[in-house]
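Shown next, in structure tokens, is the structure this report addresses.
Not measured: the values here are computed from a predicted model. Lettering of chains follows the sequences in order, A, B, ..., and the numbering in each one begins at 1. Reckoned from all heavy atoms, side chains included, excluding hydrogens, waters and symmetry mates.
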Amino acid sequence: MLKYLMARNEDIPPGSAAVYWGYSSIVWFVIGTGLGAFNAAKLAFPDFVTGLEFLSFGHMRQVHVMAVIFGWISMAFGMTMMYMTPMLGNTKLWSEKLGVWNAFLWNVGLSLGLTVLWWGMNSGREYSDFPWFIDLYVLCFMTIPLGINVWMTIIHRRTQGIYITNWFFGAGTFMVSIVLLVGNLPEYFHLTGLTEAYLTWWNAHNILGLWITPVGAAIGYYTIPKITGNPLYSHRLGHLHFWSIVVFYSTPASHHLMSAPLPEWLKSFASVEGVLILVPAIAFVSNILMTMQGKWNMFVENLEVKFTVTGCLMAIPLNMQGGFQQTRAINWYIHGTGWIVAHAHLALLGFSTFVEVGAVYFGLQTIMRKKLWSLTLGNLHFWFLLVGFTTYWVSMTIAGLIQGAGKIYEVPYIDVVIAEHPYMIARWLGGSLVFMGNCVWLFNMWMTARAGTVIPAGRMAHELAYER
Amino acid sequence: MNMNFREYKLGSRFFALALGLSMCITLFMPSFDIGSVNATNIAMDKQLWAGHESGFSLDDPLLLGWHKPLKVLLKADPVNGQPMDPTYAYVYEKGTPLPNGVLHPDNLGSVAKKLSIDKGHILESNKNTGTVFLVRMDDQKRYYIENASATLGWTPEGVLKTAGDENTQHAAAGKSLFVREGCWWCHTLLPEQTQDWQVFGAPPMLGDFNGESPTAFGSDRKAPDILHVASRNSSKEWMMLHFFNPRLVQPHSIMPRFDYLWGPVDANGQKIDFAKWRAEYNEYREGKRITPPEVPTYARNSEIRNLIDFVMNLK
Ligand code: HEM
């Protein structure tokens with residue numbers, strides 16, 4: 001792949017960038033979940049690997065979070081953008097070379113960023129932990145070039161309209177760059193105090209709300225109609241989804257700081273806007289599920305549909321939580337507990353990851369024109385992820401409720417720690433399953449590239465029978 | 001191009017409107033409220049002992065506690081040596097970046113800004129020669145920052161010498177450790193307004209953070225809130241044992257050991273044998289020893305001293 005860095009744009013086979021992004025994302029997924037499982041082991045058994053500064057929980061936690069958000073999720077996004085945007089515009093990617101360079105710089109920047117984080121060089125700001133020089137790198141060499149490629153491809157499309165997936169891709173790449181620019185102002189201009197605290201969460205909220213959630217959904221809008229062959233159920237619902245994301249999801253940033261001394265009007269506003277997040281959520285879920293009409297057999301028979309629809313179904317509990325968790329009546333109980341960690345994983349590891357895994361499976365087969373090497377391993381991957389995630393989510397939700405009860409009844413803290421212990425072990429076991437599933441995936445995709453059956457011209461991957 | 005469709009022109013305008021409106025409400029409007037807050041004495045004390053920045057900065061890129069101010073307890077006047085009421089002074093030695101309220105007095109809010117400039121002479125502070133600060137109260141009980149180098153002629157060297165090492169606290173370097181070692185992934189610095197009063201103490205007020213960076217509230221509590229921990233437990237001895245190995249004082253704790261912050265040698269300059277300590281501790285855990293091994297006393301220039309000085313300032 002590296003040989004294409006110096007090749008002329010015309011000489012790079014279409015799809016190369018997508019393949020590069022795709023394999024990078026899978027590798028980061030393995031690394032990121034491995035780190036997660038390691039951290040979980042430390043919270044369950046504090047003396048597991050002790051005495052080494054670089055392997056201590058406080059140094060590793062942010063490395064896990066940044067590896068999964070920027071390595072896995074965002075690179076999987078890049079992968080889907082590299083193949084869906086041109087296909088939906090009936091054209092080629094604007095610049096295959098930029099795409100390859102972008103993936104290369106992304107890997108380099110992220111490796112550098114994670115190394116300095118690991119070293120302890122961090123800003124002390126959650127979800128913007130990178131020091132400001134890495135933040136600048138992320139903006140200039142990672143998100144903006146991606147946005148340029150997507151936008152230019154959309155502008156040079158050969159269709160009249162723009163399909164909904166591409167609205168989200170265009171808006172998402174634009175918004176994430178704005179968010180990273182504004183959200184890191186405290187580091188660029190050294191803003192302090194409550195301004196810093198508020199902007200930290202403004203940034204965190206909007207990375208999740210204007211990047212991970214909408215782009216994840218956009219991918220579902222492509223995968224499901226494409227594989228099932230059904231047209232999207234309703235474009236109007238898609239409009240509703242798009243506009244309500246922009247209007248409602250960009251506003252409740254302060255719901256992360258409900259117990260901080262921010263202006264009360266701001267917290268109340270965030271609380272109400274947060275409930276309105278249900279509008280885009282319901283629009284998305286119902287649209288996808290209605291598109292499945294008459295093709296529900298594929299939910300069982302087709303691996304990509306299985307992943308995507310499962311992710312979409314997980315968006316239902318996710319948004320039920322998300323809509324009400326920030327109301328004052330509920331937030332005071334669950335704030336700062338494991339409940340929130342469970343919710344974060346439901347969003348990122350449940351909904352978003354499952355949708356992206358489906359799209360990465362589908363995209364890599366389509367571009368490489370190779371049938372998936374083994375369905376058995378694919379199914380194994382699915383069940384490892386699902387069972388592992390569910391174990392994680394259930395155990396952390398219970399742990400969170402225990403912590404919440406401990407908090408409001410003012411139970412001595414150590415009793416809460418003791419009560420949580422079994423659930424910490426369960427979380428670690430669940431997380432390890434996810435990690436093992438991903439190792440299987442990496443192997444399966446490696447074998448697909450090397451030994452997958454070639455897909456004949458004019459056929460689609462999902463039309464061929466699996467061989468293993 | 002195809003972009004010229006009426007719908008897309010309209011659409012992109014609405015998009016700009018929607019996003020712009022949302023930014024106006026969530027960024028522009030709160031900035032008036034937050035920007036108009038007057039710093040409390042808590043905020044002044046905190047920004048003076050924590051210094052300009054506790055996270056990554058060019059002055060301390062590896063978070064090793066470079067270029068940090070010191071908080072000292074003075075019992076005698078550093079100029080003439082006469083005894084005086086114990087007073088906390090904040091020493092910014094030569095080259096230490098000045099605190100945010102001094103660099104940008106607007107951060108202090110209008111009242112404190114005026115007092116600090118007029119009575120406190122903070123605009124005369126100088127990074128190249130070093131400056132000593134105090135938190136003062138005027139006769140109307142309003143707090144402000146005073147540049148004691150300008151008003152009283154106190155020099156950083158003089159103040160440090162008068163106070164002595166035992167009255168000098170490396171709390172700012174300790175706060176960098178709090179950020180570097182990720183204490184805030186488990187501990188919050190934000191008792192909640194709704195129910196934390198009894199155990200963790202009073203939640204902070206609107207003006208308690210001016211000039212602090214980063215605030216590092218923490219979002220995810222796996223351990224007690226420690227904003228006021230020194231008010232419940234001010235034993236440095238307990239802290240020392242607890243940081244070396246939390247399971248010595250709290251068998252069920254999940255807090256990591258921070259023994260590596262002791263550095264290579266103990267207070268007497270003897271090399272610390274960590275492997276031996278761990279082996280003996282394991283024997284103790286297995287019931288082969290009756291007492292755990294002794295925790296080495298830390299050296300005066302070890303990182304753990306900074307961390308404990310920081311924790312002792314969380315009142
Ligand atoms: C092997 C699977 C995984 C394990 C074992 C794992 C474990 C963990 C652990 C232990 C934490 C710290 C939670 C805490 O502070 O209580 C954490 C945080 C986090 N993880 Fe994972 N994780 C896994 C997979 C993922 C994946 C796939 C994603 C996203 C794609 C993810 C996203 C996050 C995020 C965003 C946080 C921060 C949560 C917060 O702010 O409280 N994790 N994870």
Side-chain angles (χ1 to χ4, degrees), chain A residues 42-43 46-47 50-53 56-59 61-62 119-126 131-132 155 157 160 162 171 175 182 186 190 192-198 200 202 243 246-247 250-251 253 256 259-263 266 269 332 335-337 340-341 403 407-408 410 413-414 417-418, chain B residues 1-3 8 15 18-19 22 25-27 30-31 33-34 37 53-56 61-63 100 107 179-185 188 190 192-195 198-199 203-206 209-217 219-224 250 252-257 259-260 274 278:
Chain A
K42 300 204 113 185
L43 290 178
D47 284 331
T50 187
L52 292 165
E53 174 162 4
S56 69
F57 179 75
H59 281 252
R61 185 193 190 270
Q62 57 271 48
W119 216 254
M121 293 164 76
N122 73 87
S123 62
R125 305 178 56 232
E126 191 165 354
W132 55 259
I155 291 174
R157 73 189 180 282
Q160 265 205 338
I162 304 177
M175 291 190 295
V182 176
H190 207 256
T192 58
L194 271 184
T195 315
E196 180 271 322
Y198 177 55
T200 298
W202 188 91
W243 288 104
V246 177
V247 176
S250 60
T251 43
H256 295 264
S259 55
L262 284 177
L266 188 62
F269 176 72
W332 72 291
H335 177 77
T337 69
I340 304 292
V341 178
Q403 268 177 293
K407 178 168 81 168
I408 61 165
E410 313 230 356
Y413 205 90
I414 193 65
V417 174
I418 295 170
Chain B
M1 278 283 150
N2 291 326
M3 266 323 225
Y8 292 136
F15 182 78
L19 203 65
S22 138
I25 298 177
T26 59
L27 291 172
S31 72
D33 276 319
I34 298 177
V37 174
E53 171 65 40
S54 313
F56 170 85
L62 296 171
L63 281 77
N100 295 301
N107 269 349
V179 173
R180 187 185 90 193
E181 295 302 325
C183 312
W184 52 294
W185 295 124
T188 46
L190 188 70
E192 292 177 24
Q193 288 171 344
T194 35
Q195 66 273 317
Q198 301 269 330
V199 181
M205 312 283 274
L206 198 50
F209 303 102
N210 297 29
E212 185 182 1
S213 176
T215 41
F217 291 155
S219 65
D220 179 0
R221 202 187 266 172
K222 295 181 269 300
Q250 179 46 270
H252 298 289
S253 180
I254 57 162
M255 179 156 143
R257 305 183 195 182
D259 46 6
Y260 53 82
F274 290 101
R278 287 181 197 133

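Using a 4.5 Å cut-off between heavy atoms, A/A197 touches chain B through backbone and side chain atoms alike. Contact of A/W202 with chain B is made through the side chain alone, with heavy-atom distances under 4.5 Å. Residue contact with chain B, scored on non-hydrogen atoms closer than 4.5 Å, involves the side chain of A/Q403 exclusively. With a threshold of 4.5 angstrom between heavy atoms, A/I408 approaches chain B through its backbone and through its side chain. With a threshold of 4.5 angstrom between heavy atoms, A/S123 approaches chain B through N, CA, C or O but not through any side-chain atom. Using a 4.5 Å cut-off between heavy atoms, A/L194 touches chain B through backbone and side chain atoms alike. For a residue to count as touching a neighbouring chain, one of its non-hydrogen atoms must lie under 4.5 Å from one of that chain's; by this rule A/H256 does not touch chain B.
Expressed to the nearest 0.5 Å, how far CD of B/E181 lies from CG of A/N122 amounts to 10.0 Å. Of the inter-residue distances, the one linking B/W185 atom CH2 with A/H59 atom NE2 reads 12.5 Å to the nearest 0.5 angstrom. Rounding to the nearest 0.5 Å places CE of A/M121 at 8.0 Å from CG of B/L63.
Your options are B/V179, B/N107, B/V37, and the one with the most heavy-atom pairs under 4.5 Å with chain A is B/V179. By number of non-hydrogen pairs under 4.5 angstrom with chain B, the leading residue of A/T337, A/L266, A/I418 is A/I418. Annotation: maximal heavy-atom pairing with chain A below 4.5 Å, among B/N100, B/D259, B/L62, occurs at B/N100.
The closest side-chain heavy-atom distance from A/P263 to B/I34 is below 4.5 Å. Residues B/K222 and A/F57 have side chains in contact (heavy-atom distance under 4.5 Å, counting atoms from C-beta outward).
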I'd like to know whether A/V246 forms a side-chain contact (heavy atoms from CB on, under 4.5 Å) with B/L19, so could you lay out the CA-CA distance, the side-chain angles of the two residues, the decisive distance to 0.1 Å, and finally the verdict.
CA-CA 7 Å; A/V246 177; B/L19 203 65; 4.3 Å; yes
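Using modelled atom types, one finds no donor on one side chain facing an acceptor on the other under 3.5 Å when comparing B/S213 with A/E196.
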